[in-house]
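The block underneath contains the structure these notes are about, expressed in structure tokens.
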Amino acid sequence: MERLSREKVKPLAEQYGETDEVPQEIIDAMKEAGIFRILFPEQYGGDGVSAVKLCIAREALSRFSVVADVTLAMQGLGGYPIVVAGDKEQKEKYLPLLAGGDLLSTYALTEPGAGSDVASMESTAVKDGDCYILNGTKRFISNGFRADMGVVFAKTDRDRGNRGISAFIYTKGMEGLSIRKRIKLMALHDLVELQFTDCRVPATNMLGAENGGFKTAMQTLDLLRMSVGASALGTARAALDLAVRFSLRRKTFGNPISSYQGVSFKLADMATELDAARLLVYRAADLMDKGAGRVTKESSMAKYYATEMAGRVVDMAVQIHGGIGVTRGMDVERLFREARAPRVYEGTTEIQKMVIANLILREAKEREGDQQS
Ligand code: COS
């Protein structure tokens, strides 16, 4: 993975620079390395779903290329709902192509008025014969321009909150689906708004049971949130490497700045925080691979801590670089911008804390209940 990232992806990332395109050459390098297979079961052309392998891959890719990292993540976000909720036909139709990287996917959950509060989504899917008619707007859809297909969530029962949401597979080019605009983030990647207007989606594209989409969405985030943490590890590691190298070379008052504790203690903090986050990420991934049941809490902890850690570590790296660190075109400046969005997407830090706290309190109540009975 390290070799793929360094030898294949890094030169391509440098060649294309910051972009909101998804260059086919990067996809081809990933396909050739068989990287998408780590997200899919063996019977459908994958190597078996592995959270640990996904985290290792994202940690390696994010050091050099947001495009490659986001593309792997979106293949998981769009593919894993089919793995957990798809029927045999859906799996046979889509998973081998996703595993081979011959189809690229995305995940359309967020809306202009529904980010953290998923249950307040306004998109609707109304049954009409052998189709559902989808209407609604999905915002902040990563790789949404490039993706050939995706999983979209919409209300099939408006009165039942998160119990009235269903998941559907959509494909690019469906009548009534338009890709409305590209959204420019502070660190670029392919990010769009999708508009569904009387879009007829075959009923056979529904994933899982009607009104069962919320659980599918959350199960998918259980796998992918820890991997956002892994991606943050890569970003932080890149920043630490740059800071160490710079501190050994840069001299002030006749000495390398690494000889001053004001700098070297920062390096110690960065390395320690990075390893602490790494342990949280790989604990969650290992538990998931061992089939230890729901890993919602561990995944949220990994995402929350690792992304916040990356924010702190990259900030320290910029500080060590001084004036050159805040200069456009410097790698450390780019990492500073790249580290920000992961603290927001796939559930903000505050949402992760809410999830963790709710689960701790629920476990405590259950223990109390057990003692009383
Ligand atoms: N796996 C399986 N089931 C899950 C689950 C998971 N990880 N998380 C929740 N559920 C189930 C619960 O067990 C509950 O089931 P019952 O109704 O049968 O009891 C149901 O789903 C509702 O769960 P909960 O009550 O926890 O949902 P809330 O509406 O209170 O809270 C939050 C949901 C806020 C945590 C959720 O909406 C969320 O994660 N929001 C952020 C969304 C996000 O990450 N957006 C970014 C999109 S991707 S870029």
Side-chain angles (χ1 to χ4, degrees), residues 51 58 66 69-81 83-85 105-123 136-144 147 150-155 157 159-167 183 185 189-194 207-209 211-229 231-232 284 287-288 291-304 307 340-363 365-366:
R58 292 201 65 185
V66 176
D69 178 43
V70 168
T71 299
L72 182 60
M74 297 322 295
Q75 204 74 338
L77 278 166
Y80 198 60
V83 173
V84 295
S105 68
T106 189
Y107 181 81
L109 181 66
T110 300
E111 298 187 358
S116 296
D117 182 8
V118 174
S120 71
M121 72 170 58
E122 286 179 356
S123 292
T137 307
K138 294 291 173 179
R139 183 175 281 175
F140 296 131
I141 309 308
S142 291
N143 275 19
V151 173
V152 58
F153 298 86
K155 286 263 174 80
D157 187 337
D159 302 323
R160 294 186 62 207
N162 60 33
R163 292 182 178 183
I165 295 170
S166 299
I183 303 164
L185 287 196
H189 71 266
D190 174 5
L191 195 71
V192 301
E193 198 169 274
L194 301 178
L207 279 173
N211 297 325
F214 182 78
K215 282 192 188 175
T216 304
M218 293 300 128
Q219 281 175 300
T220 303
L221 291 176
D222 280 353
L223 170 63
L224 272 299
R225 279 178 177 161
M226 67 178 79
S227 82
V228 178
S231 166
L287 281 173
M288 186 160 207
R294 257 179 78 174
V295 293
T296 309
K297 186 176 70 182
E298 292 79 5
S299 187
S300 283
M301 285 178 171
K303 199 257 176 197
Y304 148 46
T307 56
R340 192 62 188 85
R343 290 159 60 194
V344 174
Y345 62 59
E346 282 187 48
T348 60
T349 291
E350 292 71 22
I351 285 290
Q352 308 309 327
K353 289 185 186 180
M354 201 173 110
V355 169
I356 297 162
N358 285 346
L359 288 168
I360 293 171
L361 293 169
R362 188 185 303 171
E363 284 163 16
K365 280 181 199 155
E366 280 168 6

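Order of listing sets the numbers, starting from 1, for every ligand and every atom in it. For this chain, numbers begin at 1 and follow the sequence in order.
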Under 3.5 Å: donor-acceptor pair, side chain of [X], backbone of [Y]:
| X | Y | result |
| --- | --- | --- |
| Ser105 | Met74 | yes |
| Lys138 | Leu109 | yes |
| Lys353 | Ser300 | no |
| Thr106 | Asn143 | no |
| Arg225 | Glu346 | yes |

So do the side chains of [X] and [Y] get within less than 4.5 Å of each other, counting heavy atoms only?
| X | Y | answer |
| --- | --- | --- |
| Asp222 | Arg294 | yes |
| Leu221 | Leu77 | yes |
| Gln352 | Thr307 | no |
| Ile165 | Val118 | yes |
| Asn211 | Arg163 | no |

So, regarding [X] and ligand 1 (criterion: nitrogen or oxygen to nitrogen or oxygen, under 3.5 Å), is there a contact or not?
| X | value |
| --- | --- |
| Thr110 | no |
| Tyr345 | no |
| Thr296 | yes |
| Gly347 | yes |

Pair Phe153 + Tyr107: ring centers closer than 6.0 Å: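 That pair passes the under 6.0 Å test.
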Counting each atom of ligand 1 from 1 as listed, which ones have a heavy atom of [X] under 4.0 Å away?
| X | result |
| --- | --- |
| Leu109 | 47 (C) |
| Met354 | 34 (C) |
| Val118 | 37 (O), 40 (N), 42 (C) |

Residue and atom name of the nearest protein heavy atom (relative to [atom]), distance in Å to one decimal:
| atom | answer |
| --- | --- |
| atom 45 (N) of ligand 1 | Gly115 O, 3.8 Å |
| atom 49 (S) of ligand 1 | Glu346 N, 3.4 Å |
| atom 2 (C) of ligand 1 | Gln219 CG, 3.8 Å |
| atom 29 (O) of ligand 1 | Asn162 ND2, 2.9 Å |
| atom 7 (N) of ligand 1 | Asp222 OD2, 2.9 Å |
| atom 44 (O) of ligand 1 | Arg225 NH2, 2.8 Å |
| atom 19 (O) of ligand 1 | Arg163 NH2, 3.7 Å |
| atom 41 (C) of ligand 1 | Ser116 O, 3.4 Å |

Heavy-atom nearest option to atom 21 (O) of ligand 1, drawn from Phe214, Phe140, Tyr107: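 The option holding the nearest heavy atom is Phe214.
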Residue selection (non-hydrogen contact nearest atom 8 (N) of ligand 1) among Arg362, Arg294, Met74, Gln352: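 When every heavy atom of Arg362, Arg294, Met74, Gln352 is considered, Arg294 comes closest to atom 8 (N) of ligand 1.
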Protein contact for [atom] (heavy atom, distance under 4.0 Å):
| atom | value |
| --- | --- |
| atom 25 (O) of ligand 1 | no |
| atom 15 (O) of ligand 1 | yes |
| atom 4 (C) of ligand 1 | yes |

Ligand 1 contacted by Ala217 (non-hydrogen, < 4.0 Å): no
Within 6.0 Å of OH in Tyr80, more than 12 heavy atoms from elsewhere: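 Yes, the 6.0 Å shell around OH holds more than 12 heavy atoms from other groups.
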Glu363 CD: over 12 foreign heavy atoms closer than 6.0 Å: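 Above 12, so yes.
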Leu221 and ligand 1 - part of the residue with a heavy-atom distance under 4.0 Å: side chain
Ligand 1-proximal atoms of Val355, by part, heavy-atom distance under 4.0 Å: side chain
Charged N-O contact under 4.0 Å between Arg139 and Glu111: no
